[in-house]
Amino acid sequence: MNVAVAKTGKGRAVSDLFASAEGRLPGSPAVTAVRREAFETYERLGLPHRRIEEWKYTDLRALVGEVLPLAAAPDAAALKRAADAVKAHAIAGARKLVLVDGVFAPGLSDVTALGSEVSLKTLSDVLNSEQNPVAGDLLRTITTDAMISLNAAMATDGVLLSIGEGVEVSAPIQIIHVATAGGASTYTRSHVKVGNRARATIIESFVGAGQAGAYQVNDAVVIWIGDDADVAHIRLMDDAPDAVNVTSQFVTIGANTKLNFFNMTSGAAVSRLQGFITLAGEGSELSVNGVNLLKKTEHGDTTLVVDHAVPNCTSREIFRAVIDDRAHSVFQGRIIVRPDAQKTDGKMMTRALLLSDEAEADNKPELEIFADDVSCGHGATAGALDDSLLFYLKARGLPEKQAQALLIQAFVGEAIEQIADDGLREHVIALAERWLERRS
């Protein structure tokens, strides 16, 4: 691939990434052209910085500095380390699909267990197919920025899931991203299509294997949900403490459909989840909830855009951040109500709990309303633990850390309780409790 030279924040030529990865980037000549176009966009924009409004609180030039080389394809030793990580993070009863260092690992995945309920392909196979002239469209999105463009240019693999009309998937599907290589970056892109009247639960987990650290993850997922469907989407980010994770999600929702999305961040030095959700069919209900658990100098950013494009839809967003030491939590949420989206009901609330004097929270909820018959609102608060409640618990013999843990659990509980599945909800509660134990 012939590309021009671009620089990251600290001067490394991004074209070096393409030169060294040329043999590993799947795709026909048509796909290569799409990659080149995406790279040229990244070359023009560079790493996001604070002068870009959407990134003003998450300056990657300052926080990250440079893009790391592409991770090598996993060898037998890497797959063994990944298997141990999968065993530790797999959710009981879920069907696993595992990506190791940006490459699908069929030997660690429950491919046959999907049966006829779910169609599975890999991104690399489709991009390499000469029989599919529009395969490059899998690397395109309506909304783009530098990190999305870099993902399109460098994506090595991902899963393409298709759930047919009327199918009720009998077990959750867990996509596990495992990083085994330190000092390297991975790029994955997945697509999920849920047919009309279908029901499914999709879980995404991001973890590091063994001593892997100082790696970078750039992931994208595109989800299309048909009419009269019911989908739960849960994302659990528990990367290594010195890792970087930037994930972009693009979701389109049909008519009379329910989507319940939950995200929890409890790892990585720098993380950003940016979600773009469009309510494209009338009568649909969207619930988006999240928890950031941050300590030391971690930086966690949740940026969400909910686009009400049609009438008679409901959206609810509840976010909680627990911030200790010198950590920094960012929430940017925007609800857009289009001119024709009358009878929209949209509410957004974010609360931050500061556990130290140096903890920092930036909350920026926004409404853009272009219709006149709507019910919309937003709010944001930040504060410390209630001293009177702490005193009450300590007066009954609880140590201070344990008393704090009980109050923190109650604080994040409102968001976690939105997970309908009892087993998944208990799993998420256990992850939050593990974070609290590490804090103690």
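Counting begins at 1 with the first residue of the sequence. The structure presented is a predicted model; accordingly, all values stated were derived computationally and were not measured. Basis for what follows: all heavy atoms, side chains included, without hydrogens, waters or symmetry-related copies.
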Under the side-chain contact (heavy atoms from CB on, under 4.5 Å) criterion, do Leu236 and Leu431 qualify, and how do the steps go?
-> CA-CA 9 Å; Leu236 306 172; Leu431 291 178; 3.8 Å; yes
Verdict with reasoning, Glu37 to Arg140, per salt bridge (Lys or Arg N to Asp or Glu O under 4.0 Å) | CA-CA 10 Å; Glu37 179 184 344; Arg140 300 183 188 275; 3.3 Å; yes
Main chain of [Y], side chain of [X]: is a donor-acceptor contact present, judged purely on distance under 3.5 Å?
{"X": "Thr141", "Y": "Thr143", "result": "yes"}
{"X": "Ser271", "Y": "Gly267", "result": "no"}
{"X": "Arg35", "Y": "Pro26", "result": "yes"}
{"X": "Thr201", "Y": "Ala232", "result": "no"}
{"X": "Ser185", "Y": "Gln216", "result": "no"}
{"X": "Thr344", "Y": "Val374", "result": "no"}
{"X": "Ser284", "Y": "Thr257", "result": "yes"}
{"X": "Glu358", "Y": "Asp325", "result": "no"}
{"X": "Asp227", "Y": "Ala255", "result": "yes"}
{"X": "Arg320", "Y": "Leu293", "result": "no"}

Heavy-atom side-chain contact between [X] and [Y] under 4.5 Å:
{"X": "Met237", "Y": "Leu273", "answer": "no"}
{"X": "Leu355", "Y": "Ile408", "answer": "yes"}
{"X": "Leu304", "Y": "Phe276", "answer": "no"}
{"X": "Phe331", "Y": "Met348", "answer": "yes"}
{"X": "Leu60", "Y": "His49", "answer": "no"}
{"X": "Val159", "Y": "Leu120", "answer": "yes"}
{"X": "Thr302", "Y": "Val330", "answer": "no"}

Distance-minimising heavy-atom pair for [X] and [Y]:
{"X": "Ala229", "Y": "Ile225", "result": "CB-CG2, 3.7 Å"}
{"X": "Gly379", "Y": "Pro365", "result": "O-CG, 4.2 Å"}
{"X": "Gly27", "Y": "Thr32", "result": "O-OG1, 4.2 Å"}
{"X": "Ala214", "Y": "Asp242", "result": "N-OD1, 2.9 Å"}
{"X": "Ala240", "Y": "Gly213", "result": "CB-CA, 4.2 Å"}
{"X": "Ile318", "Y": "Ala415", "result": "O-CB, 4.2 Å"}

Answer yes or no: is there an ion pair linking [X] with [Y], defined by an N-O contact shorter than 4.0 Å?
{"X": "Arg189", "Y": "Asp219", "result": "no"}
{"X": "Asp84", "Y": "Arg81", "result": "no"}
{"X": "Glu368", "Y": "Arg334", "result": "yes"}
{"X": "Arg199", "Y": "Asp230", "result": "yes"}
{"X": "Glu204", "Y": "Arg235", "result": "no"}
{"X": "Arg36", "Y": "Glu43", "result": "no"}

Mind jotting down which residue pairs meet the salt bridge (Lys or Arg N to Asp or Glu O under 4.0 Å) criterion with at least one end in residues 99-122? Sequence neighbours excluded, please.
-> Arg95-Glu117, Lys96-Asp110
Using the side chain to side chain donor-acceptor pair (under 3.5 Å) rule, pick out the option among Asp345, Asn289, Asn260 that qualifies with Arg316.
->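 The single option meeting the side chain to side chain donor-acceptor pair (under 3.5 Å) with Arg316 is Asp345.
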Not counting sequence neighbours, which residues clear ring-ring contact (aromatic ring centres under 6.0 Å, His included) with His233? List them please.
->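 Checked His233 against ring-ring contact (aromatic ring centres under 6.0 Å, His included); matches are Phe261.
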Counting only heavy atoms not in [X], do more than 12 sit closer than 6.0 Å to its [atom1] atom?
{"X": "Lys364", "atom1": "NZ", "result": "yes"}
{"X": "Arg197", "atom1": "CZ", "result": "yes"}
{"X": "Lys343", "atom1": "NZ", "result": "no"}

Kindly compute the distance separating SG (Cys376) from CG (Leu367), expressed to the nearest 0.5 Å.
->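 Those atoms lie 6.0 Å apart.
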Side-chain donor-acceptor pair present, [X], [Y], cut-off under 3.5 Å:
{"X": "Gln274", "Y": "Asp145", "result": "yes"}
{"X": "Arg425", "Y": "Gln418", "result": "no"}
{"X": "His177", "Y": "Ser205", "result": "no"}
{"X": "Asp239", "Y": "Tyr215", "result": "yes"}

Non-neighbouring partners of Ala359 that pass side chain to side chain contact (heavy atoms under 4.5 Å, CB included), sequence neighbours left out |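 Applying side chain to side chain contact (heavy atoms under 4.5 Å, CB included) to Ala359 gives Ile323, Leu354, Ser356.
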Does the pair Ile234 and Ile419 meet the rule for a side-chain contact (heavy atoms from CB on, under 4.5 Å), with working shown?
-> CA-CA 8 Å; Ile234 297 168; Ile419 301 174; 3.9 Å; yes
Evaluate the side-chain contact (heavy atoms from CB on, under 4.5 Å) criterion for residues Val251 and Ile223: first the C-alpha distance (whole Å), next the side-chain angles of each, then the deciding distance (0.1 Å), finally the verdict.
-> CA-CA 5 Å; Val251 184; Ile223 302 175; 4.2 Å; yes
Assess whether side-chain contact (heavy atoms from CB on, under 4.5 Å) is satisfied between Asp125 and Leu127, documenting all intermediate values.
-> CA-CA 6 Å; Asp125 284 347; Leu127 293 181; over 6 Å; no
Stepwise, does the salt bridge (Lys or Arg N to Asp or Glu O under 4.0 Å) test hold for Arg272 with Asp301?
-> CA-CA 4 Å; Arg272 176 176 167 109; Asp301 179 340; 2.8 Å; yes
